[in-house]
Amino acid sequence: MSKMESERLFVKTLTKTLKRTLCEEINENDKGLEFNLKGWVMHYRDHGSLIFIDLRDYSGTIQIVFDETISPQSFKTAKKIRNEFVVSVLGVVRIRPSGTENPHLKTGKIEIEARSVELLNDCETLPFQIEEEKEAGVNELMRLKYRYLDLRRKKLKENIIFRSNFTFSIRNFLQKKGFFDIETPFLTKSTPEGSRDFLVPSRLNIGSFYALPQSPQLFKQILMVSGFERYYQIVRCFRDEDLRADRQPEFTQLDMEMSFVNKDDILSLTEELLSGVFGELLNIKLNLPFPRLNYDDAMDTYGSDKPDTRFEMTLKKLSHIFVNSSFNLFKDTITGGGEVKGICLKTGSNLLSRKDIDELVSFAKEFGAKGLAWTKVGENKTFDGGISKFISIGERSNLINELNAENGDMIFYQADLKRIANAVLGKLRVHLAKKFNLIPKSKFNFLWVVNFPLFEYSEEEKKIVSVHHPFTSPKLSDIDILISDPLKARSESYDFVLNGEEIGGGSIRIHKKELQEQIFKILKITPENARLKFGFLLDALSFGAPPHGGIAFGIDRILMLLRNENSIRDVIAFPKTQKAYCPLTDTPSKIESMQLREVGISLLKK
RNA sequence: GGGGCUGUAGUUCAGACGGUUAGAACGCCGGCCUGUCACGCCGGAGGUCGCGGGUUCGAUCCCCGUCGGCCCCGCCA
């Protein structure tokens, strides 16, 4: 079923229930029949003794004609109509006179000859125009303040309807697969690891606080202990961190958890789910299974744990070429345990001016690079510019082979710790691809990244922290090195990536109390602290917890990608600004001092 | 916490060396029009140039501060 068909099906069902005719339900076959249409006036065109309006309801638009000679009364009323008035029109369907059809309208072959009209409501002068042709460029603050008007606009309205169809399709699939939709608390416990919590003071327990959940992680694990075996929820999550185009303080996850499954069970079920939804909503057939990349390979090849594989320009290891080089910067980096890596921008010599290159150097430095070396490739394996003079003839030849470089290309180099070289070139790769439109827009490249490290060392906290979260199971094969070499241990976790965006992730969880306690120990969470923060989980794990695992998807981000938007705000009905402010409701805002007193809070004087 | 871009009519934008009355398009209001569909034509109203301070004979323009919006870094297990 195509997207259009599924929307029409939805419309028909509702109409039958409410006994209401919608604009785009009417077609040529209804010629001569009388209908009552209700909706908003999209445009009005007054021709003296003939008035046209385009009536819009949520199904679409249709043209209504008011003719003085047919219905003087309704014509007189129609004279008062303005944009976005709400009207009810009783009229007869007729075929448009030949030559006046509008091929751009779905209802363009017909029109409604008005017999009577009622003005249900008028409308103030709009703060911005509704027509889709004028959608571009309206200040976002204005759009958010008058969100109800913004939502009348075609693009946003279609995004929100698509979102509804999308989540409906997911629910439909999962219910059929034996999953239960189970709600978990919003007023819950603050989690010490992870992002900053939104806090809610408790009136009945002065001095104590709830936190809004960053995710239902612990509850879904507990539901597995309860024996539900298959859980899902399309649920709001809350994180009090700084915002981005793809981050809102409250966002929606598809949250899932299963018992008695292994990693592959979860990955393949997810693939089936997504290919089903894509087929149903977008008529796109996805090739299964999705590619699976090792974390290490993703970092080495793309410099990212969420690689965009829609274009090449992969990172190449060049250390072997420079290990005995007379170029000390490169040689010393290698001797010191670092690596030299490079990427090749096809035809880059012509694309980039000196000023562009300087900008790229600053760009690289933002991500921790010490600099950004470059050379242009000329005819007959000649090099030009940048660090060319330090590179020997033999090295040039090797570089050209390694990077598949040709006359006119440009090579960028990073010599640093492997981690930094990868990260910088990875960012540069994506930056260049966007800058020079190397990314095919119509592609959907899904992939899994697997075999993540279990831990990483946090320079800021000066201790080992979880890469995923502390309930992630190590790979069974790595249990032995947990204590001896924890940073080498890998986890049973997986990230789901679409077109270079992380849109989901999950893991097999720890279901043995002893192993969980051991992990806390490595993370320097004391037994007392663990009991205080996660005691309920440890208790649950001790009462016959089944092996289990799950995954969560960022619904907003997926929708953003599917709808080709640049921000998740455009797939959320009521989003917030970058300062987490809602201009529509003026939130957050001051509250009465009485309310503060009731919850035992006094504000610090500034 | 930091960097970049930005704020002028209801909206989107232009503007100037610091100098008379700050412009355009769309929208809005009034009039005309029987086949338009982003209708057309004629006329009109509409401005705290984000806010505060400074420099100056004079500031929308220069300087300082501040507030808001967007993008990014840090942050987001």
Side-chain angles (χ1 to χ4, degrees), chain A residues 42-55 61-70 75 79 82-84 94 96-105 107-108 111 113 123-146 149-150 191-197 214-215 217-218 237-249 251 359 362-363 365-368 427 431 452 454-456 458-461 464-472 491 493 502 505 507 519 523 525 552 554 566-567 569 576-579 581 583:
Chain A
M42 190 78 182
H43 300 111
Y44 71 98
R45 296 180 289 277
D46 184 345
H47 285 238
S49 48
L50 196 63
I51 296 169
F52 300 96
I53 69 172
D54 296 331
L55 187 72
T61 62
I62 194 167
Q63 174 166 281
I64 318 260
V65 192
F66 295 91
D67 190 329
E68 195 167 19
T69 62
I70 290 172
F75 180 83
K79 278 280 180 192
R82 294 294 180 268
N83 281 340
E84 297 302 312
R94 71 185 191 198
R96 291 197 189 191
S98 143
T100 67
E101 300 89 352
N102 184 349
H104 305 297
L105 280 186
T107 57
E111 62 193 5
E113 182 186 287
C123 178
E124 294 287 319
T125 300
L126 296 160
F128 51 83
Q129 287 157 260
I130 309 292
E131 290 106 304
E132 53 261 38
E133 290 81 2
K134 289 157 190 163
E135 264 175 29
V138 176
N139 182 309
E140 190 140 356
L141 186 65
M142 202 56 68
R143 290 177 49 203
L144 293 178
K145 181 170 181 188
Y146 300 97
L149 297 180
D150 202 20
T191 41
E193 306 271 314
S195 69
R196 205 172 285 119
D197 288 316
Q214 297 169 24
S215 83
Q217 181 62 34
L218 298 179
C237 303
F238 306 86
R239 294 179 190 175
D240 188 5
E241 297 293 345
D242 286 2
L243 275 44
R244 292 281 192 286
D246 63 353
R247 274 195 241 155
Q248 283 275 301
F251 60 98
E359 277 171 16
S362 326
F363 177 84
K365 285 181 178 168
E366 272 181 57
F367 297 96
K427 295 282 186 188
H431 181 72
F452 275 81
L454 184 61
F455 303 116
E456 64 190 345
S458 162
E459 288 294 340
E460 196 184 329
E461 298 174 57
I464 286 176
V465 298
S466 295
V467 167
H468 192 54
H469 56 54
F471 320 108
T472 303
S491 69
S493 72
E502 185 200 328
S507 61
I519 297 290
L523 293 170
I525 300 173
N566 292 318
S567 164
R569 292 188 301 275
K576 292 178 174 61
T577 69
Q578 198 167 46
K579 289 196 74 184
Y581 174 71

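First the proteins, then the strands, lettered A, B, ... as listed; each starts at 1.
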To the nearest angstrom, the NE2-C1' distance between A/His431 and B/C71 comes to 13 Å

Output for pair (A/Leu218 CG, A/Phe471 CZ), nearest 0.5 Å, gives 4.5 Å

Mate of B/C70 across any strand shown (Watson-Crick or G-U wobble, both atom pairs under 3.5 Å) is B/G4

Fill in: Whether A/Phe128 and A/Tyr146 hold their rings parallel, tilted or perpendicular, with breakpoints at 30° and 60°
perpendicular

As its Watson-Crick or G-U partner within any shown strand, both distances under 3.5 Å, B/A25 has B/U11

Answer for the Watson-Crick or wobble partner of B/G46, both distances under 3.5 Å, is none

When rounded to whole Å, the NZ to P distance for the pair A/Lys145 and B/G68 reads 15 Å

Paired to B/C61 by Watson-Crick or G-U wobble criteria (both distances under 3.5 Å) is none

Using a strict 4.0 Å threshold on nitrogen-to-oxygen distance, state whether A/Lys427 and A/Glu366 make a salt bridge. no

Rounded to whole Å, the CD1-P distance (A/Ile64 to B/U36) equals 18 Å

Nucleotide by nucleotide, nucleotides 28-35 of chain B touches protein heavy atoms under 4.0 Å in the pattern (B base, S sugar-phosphate only, - none) SSS--BBB

If you restrict it to nitrogen or oxygen atoms, what contacts under 3.5 Å exist between nucleotides 72-76 of chain B and the protein, and what is each distance?
unit_1: B/C72; atom_1: OP2; unit_2: A/Ala245; atom_2: N; d: 3.2
unit_1: B/C73; atom_1: OP2; unit_2: A/Arg244; atom_2: NE; d: 2.9
unit_1: B/G74; atom_1: N7; unit_2: A/Arg244; atom_2: NH2; d: 2.8
unit_1: B/G74; atom_1: O6; unit_2: A/Arg244; atom_2: NH1; d: 2.9
unit_1: B/G74; atom_1: O6; unit_2: A/Arg244; atom_2: NH2; d: 3.2
unit_1: B/G74; atom_1: N1; unit_2: A/Asp242; atom_2: OD2; d: 2.6
unit_1: B/G74; atom_1: N2; unit_2: A/Asp242; atom_2: OD2; d: 3.3
unit_1: B/C75; atom_1: O2'; unit_2: A/Glu241; atom_2: OE1; d: 2.7
unit_1: B/C75; atom_1: O2; unit_2: A/Arg247; atom_2: NH1; d: 3.4
unit_1: B/C75; atom_1: N3; unit_2: A/Arg247; atom_2: NH1; d: 3.0
unit_1: B/C75; atom_1: N3; unit_2: A/Arg247; atom_2: NH2; d: 3.0
unit_1: B/C75; atom_1: N4; unit_2: A/Arg244; atom_2: NH2; d: 3.3
unit_1: B/C75; atom_1: N4; unit_2: A/Arg247; atom_2: NH2; d: 2.6
unit_1: B/C76; atom_1: O2; unit_2: A/Arg247; atom_2: NE; d: 3.0
unit_1: B/C76; atom_1: N3; unit_2: A/Arg247; atom_2: NH2; d: 3.3

Residue set satisfying side-chain contact (heavy atoms from CB on, under 4.5 Å) with A/Thr61, at least two apart, ordered chain then number -> A/Arg56, A/Leu105

So, is A/Lys579 close to the B/G68 phosphate, meaning a side-chain N or O under 4.0 Å from OP1 or OP2? yes

Sorted by chain and number, sequence neighbours left out, side-chain contact (heavy atoms from CB on, under 4.5 Å) with A/Ser458 holds for A/Glu460, A/Glu461, A/Val465

Taken to the nearest whole Å, CD1/A/Ile130 to C1'/B/U12 is 15 Å

Here the distance between atom P of B/G1 and atom CG of A/Asp240, to the nearest Å, is 13 Å

The side-chain contact (heavy atoms from CB on, under 4.5 Å) partners of A/Arg247 (sequence neighbours excluded) come to A/Arg244, A/Arg557

Taken to the nearest whole Å, CE/A/Met142 to C1'/B/G27 is 14 Å

From CD of A/Glu359 across to P of B/G4 the rounded distance in Å is 14 Å

Taken in chain and number order and not counting sequence neighbours, the residues that satisfy side-chain contact (heavy atoms from CB on, under 4.5 Å) with A/Asn83 are A/Tyr44

Mate of B/G40 across any strand shown (Watson-Crick or G-U wobble, both atom pairs under 3.5 Å) is B/C32

Next on the checklist: Check this one for me: any side-chain N or O of A/Arg143 less than 4.0 Å away from OP1 or OP2 of B/C70?
Outcome noted: no

SG of A/Cys237 to CD of A/Gln248, rounded to nearest 0.5 Å, is 13.5 Å

Rounded to whole Å, the CZ-P distance (A/Arg45 to B/C39) equals 5 Å

Checking N1-N3 plus N6-O4 or O6-N4 for Watson-Crick, or N1-O2 and O6-N3 for wobble, each under 3.5 Å, the partner of B/U20 is none

Smallest heavy-atom separation, A/Ile64 atom then A/Leu55 atom, equals CG1-CB, 4.0 Å

